[in-house]
Amino acid sequence: QVQLVESGGGLVQAGGSLRLSCATSGRTISNYAMGWFRQAPGKERELVGAITRGGGTPYYAASVKGRFTISRDNAKNTVYLQMDSLLSEDTAVYYCAATETSFTGRLLLKTKEYDYWGQGTQLTVSS
């Protein structure tokens with residue numbers, strides 16, 4: 001079993017940048033496909049982006065494409081979400097998620113495909 005802990009959230013002005021980290025423990029993340037999700041008040045949890053176990057080209061939701069970047073450092077057992085040009089509508093609790101997979105190129109885009117979740121970190125973007 002893997003434990004996920006997000007960090008790096010906070011308050012930032014619109015147009016600013018922030019980097020979230022998702023540190024894992026318990027198992028090496030090199031065997032896991034990873035994803036970032038977010039949930040705003042009164043809304044369903046939605047996919048922000050996903051990255052394969054092999055670290056190939058990530059997938060991004062249309063709302064963040066070109067502004068957010070997902071990366072992973074398997075040696076540090078950490079996944080990152082770099083967020084630039086932040087908008088007020090990016091305000092949400094951000095979660096990282098993981099699923100063990102034997103397929104290096106597998107991208108997981110649905111909430112139900114993830115087995116492990118972090119506790120979330122709040123991002124607030126002020127306009």
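As a basis for the values below, the full set of heavy atoms in this structure was taken, side chains included, without hydrogen atoms, waters or symmetry mates. One-based numbering along the sequence shown.
- Applying the side chain to side chain donor-acceptor pair (under 3.5 Å) criterion to Gln3, with sequence neighbours excluded, gives Ser25.
- If you check the side chains of Thr101 and Thr99, you find no donor sitting under 3.5 Å from an acceptor.
- When all heavy atoms of Ala92 and Ala40 are compared, the closest pair comes out as CB-N, 3.8 Å.
- The side chain to side chain donor-acceptor pair (under 3.5 Å) search around Arg27 returns Glu100, not counting sequence neighbours.
- Under the 3.5 Å distance criterion, the side-chain polar atoms of Arg53 are matched with a main-chain donor or acceptor of Ser30.
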Q: Check the pair Gln82 / Asp84 against side-chain contact (heavy atoms from CB on, under 4.5 Å), numbers first and verdict last.
A: CA-CA 7 Å; Gln82 176 67 41; Asp84 300 316; 2.9 Å; yes
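- Note: the hydrophobic cluster containing Val93 also contains Tyr114 (ILVMFWY, side chain heavy atoms under 4.5 Å, direct or indirect links).
- Other members of the cluster containing Met34 are Val2, Leu4, Val12, Leu18, Leu20, Ile29, Tyr32, Trp36, Val48, Ile51, Tyr60, Val64, Phe68, Ile70, Val79, Leu81, Met83, Leu86, Tyr94, Tyr116, Leu123, Val125, with ILVMFWY side chains joined at under 4.5 Å, either directly or via other members.
- To the nearest 0.5 Å, the span separating CD on Glu6 from SG on Cys22 amounts to 5.5 Å.
- Under a 3.5 Å cut-off, the side chain of Thr91 and the backbone N or O of Thr124 do not form any donor-acceptor pair.
- Here the side chains of Asp90 and Arg38 are in contact, with some heavy-atom distance below 4.5 Å.
- Taking the ring centre of Tyr95 as origin, the terminal cationic atom of Arg45 falls inside the region bounded by 6.0 Å and 45° from the ring axis.
- Of the listed residues (Leu108, Thr52, Leu47), just one forms a side-chain contact (heavy atoms from CB on, under 4.5 Å) with Tyr59, and that residue is Leu47.
- Distance check: Arg72 CZ to Asn77 CG gives 9.0 Å after rounding to the nearest 0.5 Å.
- The backbone N or O of Asp73 sits nowhere less than 3.5 Å from a side-chain atom of Thr78 that would complete a donor-acceptor pair.
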(Q) Under the criterion side-chain contact (heavy atoms from CB on, under 4.5 Å), I'd like the reasoning laid out for Arg67 against Leu87: C-alpha separation, chi angles, the key distance, then a yes or no. (A) CA-CA 10 Å; Arg67 301 188 296 118; Leu87 307 171; 3.7 Å; yes
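- With rounding to the nearest 0.5 Å, the separation of CG in Asp115 from NZ in Lys112 is 13.0 Å.
- One distance of note links CD of Gln13 with OG of Ser88; it measures 12.5 Å at 0.5 Å rounding.
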Q. Given the rule in the side-chain contact (heavy atoms from CB on, under 4.5 Å) test, do Thr28 and Asn74 qualify, once you have shown the distances and angles that lead to the verdict?
A. CA-CA 7 Å; Thr28 175; Asn74 288 345; 5.5 Å; no
